[in-house]
Amino acid sequence: MASAFADTLRRRILEFYDARARDLPWRREADPYRVWVSEMMLQQTRVEAVIPYYERWMRRFPTLDDLADADVDDVLREWQGLGYYARARNLHRAARLVRERHDGRIPADPETLRQLPGIGDYTAGAIASIAYGVPTPAIDGNVRRVFSRLLDDPDPAPAELRRTVAALVPEDRPGDFNQALMEFGATVCTPRSPACDRCPVQTLCRAYANGTVAERPRPKPKKALPEDDVATAVLVAPSGRFLLTRRPEAGLLGGMWEFPGTTVRPGERIADAARRAAIEALGDTTGTHAAVAAVAPVPLGAVVHTFSHRRTTYHAFRLELDNEPANHDAAASSAGRAWVAPGDITGYALPAAQLRILAMAREDGGSGRYDTGA
DNA sequence: CAACCGTGGAA
DNA sequence: TTTCCAAGGTT
């Protein structure tokens with residue numbers, strides 16, 4: 001139906017965008033690489049949180065070649081604090097794939113984009129429409145919410161929603177239209193307390209007419225967060241270096257560095273678990289097991305951290321070795337283990353909770369202080 | 001398809 | 001303090 005509804009919606013949403021669009025760093029030029037990076041960072045992440053990361057990223061990796069040439073550890077270091085670290089790993093891997101399979105040119109076709117790691121339906125549509133002017137929809141949480149209200153549908157079916165939006169995307173300004181819908185959802189048709197009194201499409205909104213705006217879309221039932229306890233060992237050498245280990249690529253915080261830690265077993269004393277974490281992290285090749293076993297773990301305190309799907313309490317302990325361990329080389333970091341001098345810590349990508357543990361370790365200052373923490 | 005995957009700001 | 005949840009993707 002090439003209806004009055006469609007025409008009015010297109011016109012008013014684009015008028016809104018022309019008048020109210022925020023001046024965001026990635027909107028200054030439609031370079032495909034810049035659009036791609038911004039869309040990856042914006043996945044499940046607020047605009048305000050992304051801006052400083054985007055600016056820094058573009059100074060560090062100005063082009064796709066700069067990114068493809070970089071080590072994954074440098075990429076993760078740049079992503080540190082932004083969360084969902086698989087995004088950074090996927091972006092890095094995809095950059096190399098683009099160079100190998102697409103002659104270094106980011107594809108314009110949504111289906112081709114969709115094949116790259118980290119790019120799903122939304123991101124493929126966003127890159128194609130914004131960077132290349134391809135008339136294809138880009139349906140994110142904002143767009144879903146906007147149409148849930150416009151149609152007064154508590155739970156729009158993805159396939160039908162896609163058809164609906166696709167029929168509305170204008171041939172001349174597809175990227176602006178997609179961004180306009182998102183901008184509208186983010187600044188006017190917000191999840192809580194939407195600004196219906198200054199809504200440019202209020203007269204088109206069935207939920208507004210029915211008084212159901214606050215109930216659209218229907219929220220998903222929330223699940224309780226599992227909790228666990230992790231004993232963390234801040235293992236310090238006489239030189240002041242401390243041990244970091246790299247997490248496996250798959251799973252939580254994949255590829256990030258951390259102080260050695262282990263989940264506390266039922267009935268196990270937390271200090272014993274911390275010592276066990278240190279011993280397991282040192283591996284079989286070192287002769288320091290006995291030394292670790294003889295050291296008394298000094299409690300530094302606890303850090304409670306809420307992830308997307310679980311709450312973890314890190315119980316941190318300082319363990320000071322009497323003798324300097326052998327392998328100090330940075331080359332050892334390839335083995336996923338590194339003795340790091342305090343001044344070199346900025347070279348390692350650490351998750352938020354680990355940075356808090358590091359701060360506690362520095363406050364404690366070392367030998368002789370016995371802060372039992374919380 | 002449901003679970004997994006971070007972080008921090010707002011209410 | 002707790003709850004919500006944000007320009008989603010992968011398995």
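Numbered from 1 within each chain, the chains take letters A, B, ... in sequence-line order. These numbers come from a predicted model, not from an experiment.
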### For A/W36, ring-ring contact (aromatic ring centres under 6.0 Å, His included) partners two or more places apart
none
### Query
For A/W26, which contact category applies under a 4.0 Å heavy-atom criterion: base, sugar-phosphate, or nothing?
base
### Query
Do A/S148 and A/D153 have side-chain atoms, one donor and one acceptor, less than 3.5 Å apart?
no
## Note on the structure
Once base and sugar-phosphate atoms are separated, protein heavy atoms under 4.0 Å mark nucleotides 1-11 of chain B, 5' to 3', with B, S and - as ---SBBBBB--
### Task
Answer with base, sugar-phosphate or nothing: what part of the nucleic acid does A/D121 contact at a heavy-atom distance below 4.0 Å?
sugar-phosphate
### Task
Considering only atom P, compute the distance from B/dG8 to C/dG9 and round it to an integer number of Å.
23 Å
### Query
Please give, in whole Å, the distance from C/dG9 P to A/L42 CG?
12 Å
#### Entry: 5' precedence on DNA chain C between A/N90 and A/G185 (nearest-nucleotide basis)
A/G185
### Task
Describe the nucleic acid contact of A/R311 in one word from base, sugar-phosphate, nothing, applying a heavy-atom distance below 4.0 Å.
nothing
### Message
I need the CZ-P distance between A/F177 and C/dA7, as an integer number of Å.
### Response
17 Å
### Query
Taking atom P of C/dG9 as reference, at what distance in whole Å does atom CD of A/E39 sit?
9 Å
### Message
Can you confirm whether A/E249 is buried at CD, in the sense that more than 12 heavy atoms of other residues, nucleotides or ligands lie under 6.0 Å from that atom?
### Response
no
### Query
Between A/H305 and A/F307, how do the two ring planes meet: parallel, tilted or perpendicular, split at 30° and 60°?
perpendicular
### Task
Check every strand shown and say whether A/R114 touches a base, only sugar-phosphate, or nothing at a heavy-atom separation below 4.0 Å.
sugar-phosphate
#### Entry: Backbone N/O of A/P351 and side chain of A/E258: donor-acceptor pair under 3.5 Å
no
### Query
A/D229: what forms a salt bridge (charged side-chain N to carboxylate O under 4.0 Å, His left out) with it, not counting sequence neighbours?
none
## Note on the structure
Rounded to whole Å, CD of A/E183 lies from P of C/dA6 at a distance of 15 Å
### Task
State, to 0.1 Å, how close A/V50 and A/T45 come at their nearest heavy-atom pair, and which atoms those are.
CG2-CG2, 3.8 Å
### Message
Tell me the interatomic distance from A/W36, atom CH2, to C/dG8, atom C1', rounded to whole angstroms.
### Response
16 Å
## Note on the structure
Atom NZ of A/K220 and atom P of C/dG8 are separated, to the nearest Å, by 11 Å
### Query
By the rule that ILVMFWY residues connect when side-chain heavy atoms come within less than 4.5 angstrom, directly or transitively, which residues belong alongside A/V213?
A/Y208
#### Entry: P atoms of B/dC5 and C/dA7, separation to the nearest Å
23 Å
### Task
Could you check whether A/I139 gets within reach of a base, just the sugar-phosphate, or nothing at all, counting any heavy atom under 4.0 Å?
nothing
#### Entry: B/dC1 to C/dG8 separation - C1' atoms, rounded to the nearest Å
16 Å
### Any donor-acceptor N or O pair under 3.5 Å, side chains A/Y122, A/E39
yes
### Task
Could you check which residues of residues 153-175 of chain A get a heavy atom under 4.0 Å from DNA chain B? Sort them by number, please.
none
### Query
For A/F259, what residues pass the ring-ring contact (aromatic ring centres under 6.0 Å, His included) criterion, not counting sequence neighbours?
A/F242
#### Entry: Side-chain N,O (A/K222) to OP1/OP2 (C/dC4) below 4.0 Å
yes
